[in-house]
Amino acid sequence: MLWGSFVADALAMPVHWYYSRTTLHRDYGEVRDFVAPKNPHPGSILWRSSYTARNSRGEILHDQARFWGQQGVHYHQFLNPGENTLNLKLSLLLATGHGDSGRYDASAYLADYISFMTTPGNHKDTYIEESHRNFFANYAQGRAPMKCGIEDIHIGGLTAVPILCAWAQGDAETAVQWVTEHVSLTHKSRETLQAAETTARILCDVVRGHDVADSLSHRSAGWLSPKKAADWLREPDSVVVGQRFSPACYIKEAFPATLYLALKYADDLEAGLVSNTNLGGDNCHRGAVLGAILGAAGGMACLPSRWKQGLLAGESLDRFASAIEVKAS
C-alpha cells in the first residue's frame with residue numbers, strides 16, 4: 001500500500017500539472033520510468049503565484065522564493081528521478097516522527113511539521129501548495145497550530161491517509177479517527193474530510209482482503225456511480241479523466257477520477273500508474289491515492305523491480321513497515 005502510493009507520486013512528479021497531454025508527450029514521451037523534471041514547464045503557474053512571509057514563523061519558501069513569479073519554472077525542478085514531492089515527504093515525516101508511540105498525536109506531528117517547513121534545506125521542492133501557505137500565514141499571525149488550517153478542497157489533502165491506515169494496521173475505525181484528525185489540521189473542508197474517510201475505509205477493506213470492486217461499490221456512494229463507471233470502462237482514460245472528470249486537483253473531480261482508475265486497474269498496478277501519470281493534471285496526488293489502493297490489492301509482487309530499485313524513499317518505507325510488523329506481533 002505504501003510503496004504503491006509513493007511510487008505513483010514519484011513516477012508522476014516530472015509531468016505534474018501538465019494539462020496539455022500533447023505537450024506532456026512532446027516533452028517526455030510516454031512516462032513509464034522515474035525521470036528527472038525538465039525546465040521550462042510550459043504550464044507552470046509560478047509566474048502568477050506569490051507568497052510573502054509575515055515574519056520568521058511564516059518563512060517556508062527559503063531559497064526557493066526567488067523562482068516564484070517567474071515563467072516556465074518546473075514545480076519540482078530540483079528533485080531527482082524517483083524522488084517524492086513535498087506532500088509525500090510530509091507523510092513520511094508523519095511515519096517516522098512519532099510512530100513509536102503506537103498512536104496518532106496531532107500535536108507531535110504539528111511540532112514536526114512546523115520545524116520541517118521553517119528549517120531551510122529540509123526539502124528541494126519549489127512549489128508549496130495553498131494549504132501549507134495558508135497554514136503558515138495563519139501561524140505567522142499568532143494563531144495556535146491547531147487552528148491554522150483552512151477550508152481546502154484539494155486532493156493533496158489525502159496523501160497521508162495510507163500512512164495512517166498502515167499505522168492503524170487496517171483497523172478502519174481507528175484509521176478513520178486518525179485520518180479525520182490529521183487531514184483537518186490543514187484541510188477542514190467537509191468534502192475533503194469525506195473523501196479522506198472514504199479512502200481510509202477502502203484501504204482498510206483492501207488490506208484485509210476485500211476485492212477492490214466490492215469495496216468501491218459499498219464505499220463510493222456519492223462519488224462514483226457504479227453503473228456509469230461500468231459504461232465508461234469502454235472509453236479511453238483520456239476521455240474519462242479529461243471530459244467526464246477534470247484532471248485538476250479539486251476534490252469533487254479528482255477523487256472520483258481516482259476511484260474510477262482504481263476500479264479499472266484493480267488487477268494491474270503498473271498499467272494503472274502509467275495511465276494516471278500520462279493523464280497529467282494533478283497526477284501526483286491522484287496517484288498517491290490510486291497507488292495505495294492498487295498496491296494494497298496486489299502486494300509488493302505487483303510492483304515492477306525497476307520501481308522498487310529506483311524509489312528514493314524505499315528504505316524509509318521498509319523501516320516503517322518493519323516497525324508496523326513488530327508492533328503487530
Side-chain angles (χ1 to χ4, degrees), residues 1-18 30-32 34 84-85 87-88 91 154-166 179 192 195-207 210-217 219-220 223-224 229 232-233 236-238 240-242 244-300 302-304 307 311 313 317:
M1 176 173 66
L2 300 182
W3 271 81
S5 183
F6 278 72
V7 160
D9 172 75
L11 186 67
M13 175 270 291
V15 292
H16 194 192
W17 285 314
Y18 264 73
E30 183 184 46
V31 180
R32 303 185 63 87
F34 298 140
N84 287 109
T85 62
N87 278 346
L88 274 291
S91 297
H154 300 118
I155 194 170
L158 308 187
T159 51
V161 174
I163 289 284
L164 290 164
C165 290
V179 162
T192 307
E197 177 177 349
T198 299
T199 301
R201 293 194 181 279
I202 290 170
L203 288 175
C204 289
D205 284 348
V206 177
V207 297
H210 292 272
D211 182 78
V212 171
D214 287 344
S215 179
L216 289 175
S217 69
R219 305 293 187 189
S220 63
W223 293 106
L224 181 69
W232 296 339
L233 290 171
D237 292 347
S238 58
V240 179
V241 185
R244 301 196 179 281
F245 297 114
S246 168
C249 51
Y250 301 105
I251 200 81
K252 187 176 181 180
E253 302 277 325
F255 188 53
T258 304
L259 298 181
Y260 170 80
L261 293 172
L263 176 66
K264 181 170 182 177
Y265 293 102
D267 299 320
D268 195 342
L269 176 142
E270 182 176 5
L273 298 194
V274 168
S275 177
N276 172 71
T277 294
N278 290 281
L279 289 170
D282 196 358
N283 46 9
C284 280
H285 300 139
R286 279 197 320 264
V289 178
L290 173 66
I293 297 172
L294 300 183
M300 289 297 290
C302 72
L303 283 164
W307 292 351
L311 184 69
L317 292 179

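One-based numbering along the sequence shown. Predicted, not measured: the structure shown is a model, and the values here were computed from it.
- To the nearest 0.5 Å, atom CG of residue Asn276 and atom CG of residue Asp237 are 9.5 Å apart.
- Note on ring orientation: taking the six-membered ring where Trp is involved, the planes of His16 and His285 are perpendicular (angle over 60°, cut-offs 30° and 60°).
- In this structure, the separation between CG on Asp205 and CG on Asp214 is 9.5 Å, given to the nearest 0.5 Å.
- In this structure the side chain of Val7 never reaches within 4.5 angstrom of the side chain of Leu269, judged on heavy atoms.
- Here the side chains of Thr199 and Phe255 are in contact, with some heavy-atom distance below 4.5 Å.
- The minimum heavy-atom distance between Leu294 and Gly272, with the atom names listed, is CD1-CA, 4.3 Å.
- Contact check for Asn84 versus Leu311: side-chain heavy atoms found under the 4.5 Å cut-off.
- Note that CG of Leu273 and CG of Asp268 are 9.0 Å apart. Values are rounded to the nearest 0.5 Å.
- Considering only heavy atoms from C-beta on, Trp307 comes within 4.5 Å of Glu270 through its side chain.
- No more than 12 heavy atoms of other residues, nucleotides or ligands shown are found within 6.0 angstrom of CG on Asp267.
- A donor-acceptor pair under 3.5 Å is formed between the side chain of Tyr260 and the backbone N or O of Trp232.
- Contact between Leu224 and Pro256 at its shortest, heavy atoms only, is CD1-O, 4.1 Å.
- The closest donor-acceptor contact from the side chain of Ser5 to the backbone of Met1 lies at 3.5 Å or more, if one exists at all.
- Heavy atoms only, all atoms of each residue included: Ala248 and Ala254 are closest at O-CB, 3.3 Å.
- Taking all atoms of both residues into account, the shortest heavy-atom contact from Leu261 to Ser275 is CD2-OG, 4.5 Å.
- Using modelled atom types, one side-chain atom of Thr159 and one backbone atom of Gly156 make a donor-acceptor pair closer than 3.5 Å.
- Ile163 is listed as a side-chain neighbour of Phe6, based on a closest heavy-atom distance under 4.5 Å.
- With contacts defined as side-chain heavy-atom distances shorter than 4.5 Å, the pair Val31/Val274 does not qualify.
- In this structure, Asp9 contributes its side chain and Ala288 its backbone to no donor-acceptor pair below 3.5 Å.
- Minimum heavy-atom separation, Pro162 to Ala292: CG-CB, 3.6 Å.
- Under the 4.5 Å side-chain criterion, counting only non-hydrogen atoms from C-beta, Val15 is in contact with Thr277.
- Residues Gly280 and Arg286 approach most closely at O-NH2, 2.9 Å, considering heavy atoms.
- Note: Leu259 CG to Trp223 CH2 = 8.5 Å, rounded to the nearest 0.5 Å.
- Atom CZ of Arg32 sits about 9.5 Å away from atom CG of Leu11, to the nearest 0.5 Å.
- Inter-residue side-chain proximity for Leu158 and Ile251 is flagged as met; some heavy-atom pair is nearer than 4.5 Å.
- Remark: His210 NE2 to Ser215 OG distance equals 7.5 Å, nearest 0.5 Å.
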